[in-house]
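All figures in this text were calculated on a predicted structure; none of them were measured in a lab. All ligand and atom numbering here is 1-based and tracks the order in the structure.
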Amino acid sequence: MSRTTRSYPDLTPDELLSTTRAVRRRLDLSRPVEREVLEECLRLAQQAPSGSNEQKWHFVVVTDSAKRAAVGELWREGGERYLAAAEANPKPSQNERLLDSVRHLVAHIHEVPVHVIPCVAGRTDGEPGYIQAGRWASVMPAAWSFMLAARSRGLGTVWTSFHLPREREAAGILGIPYDAVMQAALIPVAYTVGVSFKPASRKPLDTMVHWDEW
Ligand SMILES: Cc1cc2nc3c(=O)[nH]c(=O)nc-3n(C[C@H](O)[C@H](O)[C@H](O)COP(=O)(O)O)c2cc1C
């Protein structure tokens, strides 16, 4: 099916940029995601910049249910650790909605129809910060482009890092060559329940923007 015959949210560029939320509770776990739609998003992601245009990025798209369950188990372990730490040391600013939403995804991660793992070739463990910055930034713009392209097609995503403490085990499950390739995140992907999302509250701009000097 082509883009013209599918029904997508009708978003201006500014609406797309301001409403691409971290979606956890509103992922439709019962609706499959077509491979061709994922490929459209991945082709758009390939247009992102990378250091020296070396395009060291790789995307592992996990649709196999046994593999999603196995990687999901590693992810859940990280999620439960995060929740336990948040519950043990509640901060005054703690966002209960965020924690509820994380709890929901922890319970359902294995049911999310697609897990996308953006990766970058060349490990930087122990390298100086500027080398690490360049390597990670050679996959993150592509991954965010993927998430924007997904949103524009009615798909929800959320950048997550819960499985990364068990990156080596995830590499084993998925056949990723751990010694040569770093995983940046695990992005659950599904159609959203409804397509309307609002811009989020953010800190005042002048608390985070420094003109000419800090
Ligand atoms: C580096 C990074 C790591 C994150 N890790 C997780 C994670 O492990 N689990 C999770 O549920 N959300 C994770 N998030 C999602 C953030 O919680 C989310 O982007 C943030 O709360 C803003 O959400 P909003 O854009 O919907 O307001 C991560 C986001 C980033 C950028």
Side-chain angles (χ1 to χ4, degrees), residues 9 11 13-29 45 48 57 59-60 62 68 71-87 89-120 124 129 132-152 154-167 169-170 182-205 207-208:
L11 300 170
D14 284 8
E15 285 166 345
L16 176 65
L17 289 167
S18 59
T19 67
T20 302
R21 295 268 70 76
V23 185
R24 301 183 188 85
R25 268 182 294 215
R26 286 176 57 191
L27 297 171
D28 186 341
L29 304 176
W57 54 56
F59 291 87
V60 181
V62 190
R68 279 185 288 124
V71 176
E73 205 45 57
L74 303 176
W75 189 96
R76 184 175 295 112
E77 190 184 290
E80 283 171 349
R81 203 177 315 116
Y82 170 85
L83 288 169
E87 284 154 11
N89 280 309
K91 296 188 190 121
S93 62
Q94 191 149 295
N95 184 340
E96 277 306 320
R97 276 195 81 214
L98 171 70
L99 293 187
D100 269 351
S101 147
V102 171
R103 279 182 201 109
H104 177 85
L105 197 50
V106 164
H108 294 284
I109 185 65
H110 58 289
E111 297 168 62
V112 180
V114 184
H115 297 173
V116 171
I117 302 188
C119 300
V120 61
T124 56
Q132 296 190 34
R135 192 62 47 77
W136 290 117
S138 288
V139 64
M140 285 177 179
W144 182 239
S145 287
F146 170 81
M147 292 165 77
L148 293 170
R151 161 78 175 130
S152 82
L155 295 166
T157 60
V158 48
W159 187 285
T160 77
S161 47
F162 286 155
H163 85 291
L164 291 178
R166 304 287 299 274
E167 182 192 358
E169 289 91 333
M182 298 192 296
Q183 299 166 47
L186 186 156
I187 305 174
V189 183
Y191 280 100
T192 54
V193 178
V195 292
S196 177
F197 290 85
K198 295 195 184 89
S201 156
R202 295 291 191 243
K203 294 178 197 168
L205 193 61
T207 64
M208 55 197 342

query = Heavy atoms only: which of F162, W159, F197 is nearest to atom 29 (C) of ligand 1?
reply =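 Shortest heavy-atom distance from atom 29 (C) of ligand 1: W159.
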query = Just going by heavy-atom distances, which of S161, G78, G79 is nearest to atom 5 (N) of ligand 1?
reply =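 The residue whose heavy atom sits nearest atom 5 (N) of ligand 1 is S161.
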Heavy atom of the protein closest to [atom] (residue, atom name, distance):
{"atom": "atom 21 (O) of ligand 1", "answer": "L98 CD1, 4.0 Å"}
{"atom": "atom 24 (P) of ligand 1", "answer": "R21 NE, 3.4 Å"}
{"atom": "atom 10 (C) of ligand 1", "answer": "R24 NH2, 3.5 Å"}

key: Flag side-chain contact, heavy atom, 4.5 Å: L105 against V112   =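 Yes, at least one pair of side-chain atoms sits under 4.5 Å.
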request  = Flag the pair M208 / R202 as yes when at least one side-chain heavy-atom distance between them is below 4.5 Å, and no otherwise.
outcome  =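 Side-chain contact under 4.5 Å: no.
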Show me the side-chain donor-acceptor pairs of residues 75-86 shorter than 3.5 Å, one per line, residues at least two apart or across chains.
from : atom 1 : to   : atom 2 : distance (Å)
W75  : NE1    : T160 : OG1    : 2.7
R76  : NE     : V106 : O      : 2.8
R76  : NH1    : E73  : OE1    : 2.7
R76  : NH2    : H110 : ND1    : 2.8
E77  : OE1    : R166 : NH1    : 2.5
E77  : OE2    : R81  : NH2    : 3.4
E77  : OE2    : R166 : NH1    : 2.7

task = Please state which part of R202 comes within less than 4.0 Å of ligand 1, counting heavy atoms only: side chain, backbone, both or neither.
result =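 Side chain only.
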query = What part of A22, side chain from CB on, backbone N/CA/C/O, both or neither, has a heavy atom under 4.0 Å from ligand 1?
reply =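 Both of them.
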request  = Considering non-hydrogen atoms only, spot the tightest contact between R24 and H104 and give its length.
outcome  =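 It is O-CD2, 3.5 Å.
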message = On a heavy-atom basis, which atom in A184 and which in L164 lie closest, and how many Å separate them?
response =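 Result for this residue pair: O-CD1, 3.5 Å.
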request  = For residues 186-199, pull every pair meeting side chain to side chain donor-acceptor pair (under 3.5 Å), keeping only residues two or more places apart or in separate chains.
outcome  =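 Checked against side chain to side chain donor-acceptor pair (under 3.5 Å) - neighbours excluded - the pairs reaching residues 186-199 are E34-Y191.
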task = Measure from the side-chain N and O atoms of T20 to the backbone N and O of L17, and report whether any donor-acceptor pair falls under 3.5 Å.
result =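 Here the side-chain-to-backbone pair does not exist.
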query = Is at least one protein non-hydrogen atom found at under 4.0 angstrom from atom 15 (C) of ligand 1?
reply =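 Within 4.0 Å of atom 15 (C) of ligand 1, protein heavy atoms are found.
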inquiry  = Under a 4.0 angstrom heavy-atom cut-off, which atoms of ligand 1 come close to A200?
reply    =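 Those atoms are 27 (O).
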